[in-house]
2 protein chains.
Amino acid sequence: MKREEINIKEVAKRAGVSMATVSRVFNNSSYVSEATRKKVEAVIHETNYRPNILARELIHKKTALIGLIVYDLVGEGIPRMVNGISETLEVNGYQLLIATSKGSKEREQNHFNTFLSKRVDAILFSTRSFTNEHAAFIQRLPVPVVVLLQDTKSEPISCVTFDNAGLSYQATKALLKLGHQSVALLGGPANSLTAAERKNGVIQALTDSNLSFQDDLAVATNYHIESGYRETLDLFKKNKPFTAIITVNDGLALGSMKALAELNYRVPEDISILSLDNTVLADASRLRLAGVSFSYEDLGKEGAAIVLSHLKNEDNSTQKLKMPYLLDLAETVAKPKHEKPAY
Amino acid sequence: MKREEINIKEVAKRAGVSMATVSRVFNNSSYVSEATRKKVEAVIHETNYRPNILARELIHKKTALIGLIVYDLVGEGIPRMVNGISETLEVNGYQLLIATSKGSKEREQNHFNTFLSKRVDAILFSTRSFTNEHAAFIQRLPVPVVVLLQDTKSEPISCVTFDNAGLSYQATKALLKLGHQSVALLGGPANSLTAAERKNGVIQALTDSNLSFQDDLAVATNYHIESGYRETLDLFKKNKPFTAIITVNDGLALGSMKALAELNYRVPEDISILSLDNTVLADASRLRLAGVSFSYEDLGKEGAAIVLSHLKNEDNSTQKLKMPYLLDLAETVAKPKHEKPAY
DNA sequence: TTGTATGCGTTATCAT
DNA sequence: ATGATAACGCATACAA
C-alpha cells in the first residue's frame with residue numbers, strides 16, 4: 001500500500017527531458033513539441049505521477065484551502081450549512097478544512113492558529129457567541145475571515161446571518177395578532193447569542209403590543225427533541241397561563257408536541273405551537289408545523305461566496321448579508337380559546 | 001487585513017541570530033541558551049511569527065492532514081460520524097479535509113486525486129456502494145485508506161461498518177417471533193449497498209422462517225421523512241396484507257407513522273413499526289420507537305482510530321471492525337392481531 | 001551553544 | 001522548444 005511517491009525529477013529522468021519540460025507538460029504552461037509531450041505523458045501515466053502540491057503552494061503562497069470552524073456537527077442546521085459551503089468551494093476549486101470547537105474558546109484559538117500555520121487562504125468562522133475579543137483577534141489575522149450565523153455588528157468583519165431578532169419578532173407578532181396574550185418560549189442554550197436574539201425578538205414583539213413577557217415561561221434548552229419534551233412538561237408545573245409555545249427550533253417543537261399529546265392538550269385548539277427554525281424535521285409532525293423556515297445550505301453557499309470574493313478582489317470591503325426567511329402559520333397555530341386559558 | 005506573513009529569516013535577522021537558532025527555539029529541538037531564547041521569543045511574539053507549515057511538510061513528507069470523502073452531509077448519521085472522526089483526529093493532532101461526492105464516481109475520483117496531490121497522510125472513504133473498481137483503485141494508492149459504512153468483503157482494505165445484514169436479520173426475527181407473517185419494508189435508495197444489505201437481512205429472516213417476502217411490499221425511498229409518509233400511503237393501495245412495517249431509518253418510521261395516523265391505524269395495535277436505524281430523531285415519536293440503534297459517532301471515532309494506527313504502525317494489516325448495535329422493541333411493536341390483518 | 005549550507009519538489013526566470 | 005538554476009521557507013547534518 002505504502003509506495004514512494006515519484007517526483008518530477010524522476011519523471012524527467014525517465015522521459016529523458018528536463019524537470020522544466022515535465023512541469024510545462026503537466027501545467028500546459030508553455031508550448032512543448034508534440035513528440036516530447038507524448039513521451040512525457042507516457043511516463044506520467046505509467047508512473048502515476050502526481051505533483052506535490054505542497055511545493056507549488058510554497059512558491060505561490062496559496063493553498064486553495066479554506067478553514068471552517070463550527071461548534072459541532074450535530075443537528076440539522078450546521079451540517080447543511082457545511083454542505084452548502086463545501087458545494088460552493090468545490091465548484092471553485094477550493095478544499096475545505098473543518099474543525100469543531102464544542103464552544104471552547106481555547107479550541108477556537110488553536111484552530112485559528114493551526115489554520116494559519118497551514119496557510120489556509122481564508123477562514124469561515126462560526127461560534128455561538130461572537131464577542132469583542134473575537135472581533136479584535138480576527139482583525140489582526142493575515143487572511144480574510146467571514147463569520148457565519150452571527151452578526152458582527154459594527155465591526156468591519158464580513159458575516160452572513162439569519163435575522164434572528166427580526167424573524168422572531170415577526171413570528172410573535174403574527175401570534176399576537178391572532179389574540180394570544182401569553183406565550184411560553186423554549187429557548188436555546190444560555191451561551192447562544194442566536195438564541196438570545198430570538199428571545200429578544202419575542203420580548204420586543206410583546207412589549208410593542210403592551211404585553212409583558214413572563215420570565216418564568218422562558219426556559220433554556222440544549223436544542224434537542226428530548227429537551228423540548230421535558231421542558232414542556234415542566235412548563236405546566238409553573239401554573240402560569242399561556243396559550244402558545246414558541247420554540248427556537250423544530251426539534252424542540254416536536255418534543256413539546258409529544259409532551260402536549262401526553263398531557264392531552266390538543267394542537268392547535270388548546271395550545272398553538274410555532275417554531276422559529278423549521279428544517280426537514282418539521283415534516284415529522286402530524287400537522288404541518290407552523291414556523292419560520294430558512295436555508296442553512298444557502299447561508300453556507302453565500303458565506304463561501306463572500307469568502308471567495310474577498311480572495312479575488314483586493315478591495316474586500318466587508319460584506320454583511322442577512323438571509324431571507326419565510327413565515328408560515330400552517331396547521332399548529334390557531335386563535336386562542338380565551339374562555340379557558342391553558343396552564 | 002491582508003498582511004505579509006513574516007518568515008524565519010526575518011525573525012532571525014531581527015533577533016540577531018541564525019535561522020537555525022530560531023528554528024531550535026520554536027521547536028525545542030535542541031538546547032539554546034536562556035539569553036538568546038528570550039531574545040528570539042520576544043521577536044517571535046512581537047512579529048506574531050507563525051512558521052509556514054508547508055515548508056516543514058515538504059521536508060517531512062507528512063501533512064497531518066486526513067482526507068474524508070462522504071456522500072453528503074444531510075441527515076443524522078453522516079454528520080455524527082464526521083463529528084466523531086473530527087474529534088478523534090483533533091485529539092491526535094490531525095486536521096480533517098472534507099469533500100462530498102453526491103454519489104458521483106467522477107467526483108469521488110477527483111477528490112482522491114486532489115487529496116493525494118495535497119499529500120494527505122491518509123484517506124477515510126465512504127460511498128453508498130463500494131465496488132470492485134473502488135477496491136482496485138484504493139489498493140494502488142500510496143496512502144492508507146479506511147472505508148466507512150461499507151464492508152470491503154474479501155478485499156485487503158480496512159473498514160468499519162454496521163452489521164447491516166445481521167442487525168436487520170435479528171430485528172426481523174424478533175418481529176416474526178411475535179407472530180408477524182407479512183411485513184412491509186421501506187428501504188433505501190436503489191444504489192445504496194447498505195440499504196440492500198438491510199433488505200437482504202429482512203428477506204433472509206423471512207425465508208429462514210419459511211415465510212415468503214412480498215416484493216410489492218418493499219419500496220425504495222430517499223431516506224427522508226417525507227418519503228416515508230408518501231410511500232406508506234402508497235403501500236396501502238396495493239391491497240396486500242401486512243401487519244408490520246420495517247424502515248431502514250427512523251426518519252422513514254416517523255413519516256410512516258404520520259401516514260398511519262392519518263389513515264386511522266393505531267401503532268402498535270394495528271400495525272407495528274420498527275426502525276433499523278434509530279437516531280435522536282426517534283425521540284420525536286409519540287411512542288418510544290422500536291428499532292435498532294447504534295452510534296455513528298463511535299463508528300467515526302473507530303474509523304479515525306484505525307487510520308491513525310495505520311499511520312503509526314508500519315505493519316498496517318487490514319482491520320475490519322463491525323460496530324455493535326442494540327435492538328429494542330420498545331413501544332411501537334406488538335403482536336399482530338391475526339383476526340384482522342391490516343391492509 | 002550557535003552558525004552554515006543543503007535539500008524537500010515545484011515553478012519561474014533566464015539562457016540557449 | 002528546451003534546459004539549467006534560483007527561489008519558496010523551513011529543518012537538519014555538519015562545522016565551528
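Note on naming: letters A, B, ... go to the chains in the order of the sequence lines (proteins, then strands), and numbering restarts at 1 for each one.
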Between B:Thr21 and B:Ser18: side-chain donor-acceptor atoms closer than 3.5 Å: yes
Tabulate atom names and distances for all N/O pairs under 3.5 angstrom spanning the protein and nucleotides 3-6 of chain C.
{"from": "C:dG3", "atom 1": "OP2", "to": "B:Ser18", "atom 2": "N", "distance (Å)": "2.9"}
{"from": "C:dG3", "atom 1": "OP2", "to": "B:Ser18", "atom 2": "OG", "distance (Å)": "3.1"}
{"from": "C:dG3", "atom 1": "OP2", "to": "B:Thr21", "atom 2": "OG1", "distance (Å)": "2.6"}
{"from": "C:dG3", "atom 1": "N7", "to": "B:Arg24", "atom 2": "NH2", "distance (Å)": "2.6"}
{"from": "C:dG3", "atom 1": "O6", "to": "B:Arg24", "atom 2": "NH1", "distance (Å)": "3.2"}

Phosphate OP1/OP2 of C:dT11 contacted by A:Asn27 side-chain N/O (<4.0 Å): yes
Test item: B:Leu149 and B:Ile78 side chains (from C-beta on) under 4.5 Å apart, heavy atoms: yes
Test item: side-chain donor near acceptor, B:Gln319 and B:Ser309, under 3.5 Å: yes
D:dT12 OP1/OP2 closer than 4.0 Å to side-chain N/O of B:Ser29: no
Distance test, side-chain N/O of B:Asn7 to OP1/OP2 of D:dG9, below 4.0 Å: yes
Sugar-phosphate only, base, or nothing, as touched by B:Ser33 at under 4.0 Å among non-hydrogen atoms: sugar-phosphate
Within 6.0 angstrom of A:Glu106 CD, more than 12 heavy atoms from elsewhere: no
Short side-chain N/O contact from A:Ser30 to OP1 or OP2 of D:dT2, under 4.0 Å: no
Side-chain H-bond candidate by donor/acceptor type, A:Ser104 with A:Lys102, under 3.5 Å: no
Terminal axis angle for the helix from C:dT1-D:dA16 to C:dT16-D:dA1, five pairs an end, nearest 10 degrees: 40°
Criterion side-chain hydrogen bond (donor to acceptor under 3.5 Å, both in side chains) on A:His134 and A:Glu108, from CA distance to verdict: CA-CA 10 Å; A:His134 282 125; A:Glu108 288 178 357; 2.7 Å; yes
Under-4.0 Å side-chain N/O to phosphate OP1/OP2 contact, A:Lys61 with D:dG9: yes
Side-chain N or O of A:Tyr49 closer than 4.0 Å to phosphate OP1/OP2 of C:dT10: yes
Under-4.0 Å salt bridge between B:Lys322 and B:Glu197: no
